[in-house]
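If you scroll down you'll find the structure; I have some questions about it.
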Amino acid sequence: MSGICGFIGARDEALIDRMLDRMKWRGGFPLKFYRGGDFGLGVCQDAPPQGNPSTPLLAFNENKSVCVVCDGHISDEADIRDRLSAAGHAFKTDSPAETIAHAYEEHGLGFLDVFQGVFAFALWDESEFLLVLGRDRFGVRPLCFSVSQDKLLFASSSAALRACDPEHARLDARSLDARVAFGYVPGERTMFENITRLAPGHLMICRRGAVRVSKYWEPAPETDSDAEPDWLENAVEKLGGSFSPQKSDGAAPPVCIIEPPYGSSPNPAAALTLALAGGHVDIIEPDPASVAFFESPLSPGAPDFSRIPSLLRIMDAPPSDFSFLLLDTAISSSAAAGSRILSAAGLSEALEAAAIFSFIASIKSVAGIRPQWARAATAAFFRRAPRFMPGLNSLPVSGIRVAAALSGCGNVPDIFDALFCVIPSNIREELYSAQVSTALSGFLASHSSVMANNSQAGSSRATASVAAFLFDTLMPSCVLPRLDAVSALNRTRVEFPFLNENIIRSVPRGREGARGLRDIADSYALETRDGKKARRFRARRVPSEVISFIEQYLTEERTRARGFFKWEQTLALKNAADKAPAVSLALLEAWCDCHARGSVR
């Protein structure tokens with residue numbers, strides 16, 4: 001693992017040292033380049049045995065007019081290097097940073113049109129006095145920045161930026177509300193007022209004091225000219241080309257971690273992954289509802305709650321459930337066994353998009369006749385599938401909670417908000433202290449705008465809208481940052497075989513397309529029923545460790561001292577039968593102990 005940082009306009013070399021020191025957990029071997037004056041770059045990476053890396057993640061072009069730091073790797077880098085070598089470029093290292101430097105020298109910023117992989121980079125062009133920051137297409141590698149009147153700071157972690165200026169540690173009220181509502185902070189916002197994320201597939205260009213952000217990639221829509229059978233055949237072929245794990249004799253089989261975006265069950269992604277791997281893969285499915293794993297031949301073991309402070313210290317945003325702890329258990333045990341670690345991110349979202357839209361469309365059609373029927377139908381649905389939405393997949397829930405949440409909904413957008421929120425707006429209004437309410441000025445985060453275009457049941461356009469939400473908002477804001485932080489702490493690499501444009505383009509096919517993929521998944525499940533797919537679900541219960549965690553962090557003294565929430569309402573959530581909101585608030589409190597200073601604005 002690695003992390004990058006730098007500045008322009010700060011005129012202080014010590015800033016790089018402070019930022020690198022705050023990112024030691026991403027790599028303990030620091031490298032830096034300071035031009036002298038007002039510009040500097042830094043990178044920390046894992047140290048090789050000899051202490052002199054053959055792939056330094058800080059590299060130059062031939063005449064050292066271009067300097068690049070890079071976190072991550074580039075797909076098909078060997079082919080790209082061959083083409084650049086044929087064009088006359090000479091390589092001195094195996095570093096992806098040097099590949100970027102020569103590609104930029106040859107093609108300008110257009111080199112990103114053919115670059116794929118997981119990466120974040122910073123490039124300095126001395127001749128143009130130009131700084132370029134870039135992030136991979138899906139946002140696997142993090143990159144955030146802060147812009148003020150006279151300087152720009154950037155780093156892989158917000159903790160590095162907060163080491164440079166106390167103002168960067170001030171929490172943002174709207175981000176706090178989004179985190180309480182959704183369980184994550186969507187979009188380019190971070191938890192901190194003066195720190196912004198660079199969006200996936202975007203560039204930031206800083207030239208002689210002028211800063212602009214531009215989008216360099218977005219998935220092209222799939223054409224509708226293909227017949228459905230051809231599309232299904234092509235989709236399976238694309239999936240198989242993305243995922244081809246190779247098992248060598250005597251080696252541990254690869255491990256694939258599957259996290260459905262809204263916890264629906266059964267999980268067709270598991271069946272497809274098993275089939276595409278020819279059965280040579282172990283599936284791990286974290287189950288945040290019981291803070292355990294679904295039963296399978298591979299048992300990563302019980303999560304270690306003592307690691308929570310270490311994990312929270314490296315996370316740029318507070319988690320809302322214990323998925324991060326389960327990931328830590330799965331990744332550390334898999335790394336110890338010598339297994340390749342894969343993530344089904346991308347595949348899970350592709351399979352869930354149409355199912356989620358179908359559910360929303362059904363609720364909406366019922367609500368169009370009589371809203372109270374929609375509430376009753378939704379409550380009945382959740383009694384059978386309590387893990388479908390993010391606000392309801394953290395701990396044991398029942399239809400009682402859903403009915404209570406929906407009872408305050410006066411219209412259809414309110415119903416969507418209740419379904420997609422950890423704590424709905426009507427509860428948040430009563431929960432916030434006067435300080436937070438004043439800072440919010442009446443603004444409350446809402447998912448209704450995301451769902452506004454989903455009005456035509458079965459339409460590809462509506463399904464694409466849900467897919468865009470999953471891929472553009474939920475995945476880069478919640479799923480991928482969690483995987484990045486946990487894998488970095490464990491000094492191991494997670495691969496993402498399903499994060500490619502072909503899969504994303506296959507999503508806008510409405511319910512018919514999803515039904516085709518799910519039929520394929522079902523047939524694969526029957527063919528691969530060798531004990532890996534067949535499993536029972538554990539009984540849902542609240543572990544004693546969770547109760548102890550809530551009791552430790554949700555106390556009257558802490559709540560009043562922090563000043564975010566009213567104690568009376570916090571106590572009501574703490575004592576409720578459904579512990580999901582209490583867990584969310586307790587994790588927020590624990591995270592703030594590690595990161596936040598001062599009040600919200």
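By convention here, the first residue in the shown sequence is residue 1. Just the heavy atoms: all of them, side chains too, but no hydrogens, waters or symmetry mates, feed the values below. Computed from a prediction, not measured in an experiment: that's the story for all the values here.
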Identify whether the distance between the nearest side-chain nitrogen and carboxylate oxygen of Arg482 and Glu259 falls below 4.0 Å.
->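 Yes, this pair counts.
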
Do the side chains of Tyr184 and Thr473 get nearer than 4.5 Å, heavy atoms only?
->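 Side-chain contact under 4.5 Å: yes.
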
Phe115 and Trp217: CA distance, side-chain angles, deciding distance, ring-ring contact (aromatic ring centres under 6.0 Å, His included) verdict = CA-CA 11 Å; Phe115 269 43; Trp217 177 84; over 10 Å; no

Would you say the side chain of Pro200 lies within less than 4.5 Å of the side chain of Pro476, judging by non-hydrogen atoms?
->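 A side-chain contact under 4.5 Å exists here.
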
Which atoms form the tightest heavy-atom contact between Asp328 and Ser332, and what is the distance?
->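 Residues Asp328 and Ser332, closest heavy atoms: O-OG, 2.7 Å.
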
With a 4.5 Å heavy-atom cut-off, do Ile100 and Leu123 have their side chains touching?
->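 Result yes, sub-4.5 Å side-chain heavy-atom pair found.
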
Could you tell me whether His102 and Phe91 have their ring centroids closer than 6.0 angstrom?
->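 Ring centroids of His102 and Phe91 are less than 6.0 Å from each other.
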
Beyond-backbone contact of Leu31 with Leu57, side-chain heavy atoms, under 4.5 angstrom =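 Result no, sub-4.5 Å side-chain heavy-atom pair not found.
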
Show your reasoning for whether ring-ring contact (aromatic ring centres under 6.0 Å, His included) applies to Trp124 and Phe33.
-> CA-CA 10 Å; Trp124 173 253; Phe33 168 65; 8.4 Å; no

For the residue pair Leu15 and Leu153, establish whether any side-chain heavy-atom pair is separated by less than 4.5 Å.
->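 Yes; the side chains approach each other to less than 4.5 Å.
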
If you measure from the Lys or Arg side-chain nitrogens to the Asp or Glu carboxylate oxygens, is any gap between Arg141 and Asp136 under 4.0 Å?
->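 Salt bridge flag = no for Asp136 with Arg141.
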
Nearest-0.5 Å distance that lies between atom CD in Glu188 and atom CD1 in Ile195 |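 One gets 14.5 Å once the value is rounded to the nearest 0.5 Å.
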
Under 4.0 Å between a Lys/Arg side-chain N and an Asp/Glu carboxylate O for Asp165 and Arg162?
->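 A salt bridge is absent here (no side-chain N lies under 4.0 Å from a carboxylate O).
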
Test salt bridge (Lys or Arg N to Asp or Glu O under 4.0 Å) applied to Glu128 and Arg207, step by step = CA-CA 8 Å; Glu128 298 289 333; Arg207 187 193 301 268; 3.2 Å; yes

OG on Ser343 to CD1 on Ile257, rounded to 0.5 Å |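 Going from CD1 on Ile257 over to OG on Ser343, the span is 7.0 Å.
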
So, Lys32 and Glu13, do they make that salt bridge, N to O below 4.0 Å?
->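 The answer is yes: the pair qualifies as a salt bridge.
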
Going by heavy atoms in the side chains, are Phe138 and Met475 under 4.5 Å from each other?
->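 In contact.
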
Give a yes or no on whether a salt bridge exists between Lys151 and Asp38, defined as a side-chain N under 4.0 angstrom from a carboxylate O.
->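 Result for this pair is no, no salt bridge flagged.
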
Using a distance-only test with no angle check, is there a side-chain donor-acceptor pair under 3.5 angstrom linking Thr99 and Arg81?
->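 The answer is yes; a qualifying pair exists.
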
Identify, with sequence neighbours excluded, every residue that meets side chain to side chain contact (heavy atoms under 4.5 Å, CB included) alongside Thr492.
->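 Side chain to side chain contact (heavy atoms under 4.5 Å, CB included) list for Thr492, sorted by chain: Ile331, Ala335, Ile341, Ser487, Asn490.
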
Aromatic ring centroids of Tyr34 and Phe39 under 6.0 Å?
->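 Judged by ring-centre distance (under 6.0 Å), Tyr34 and Phe39 do not meet the cut-off.
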
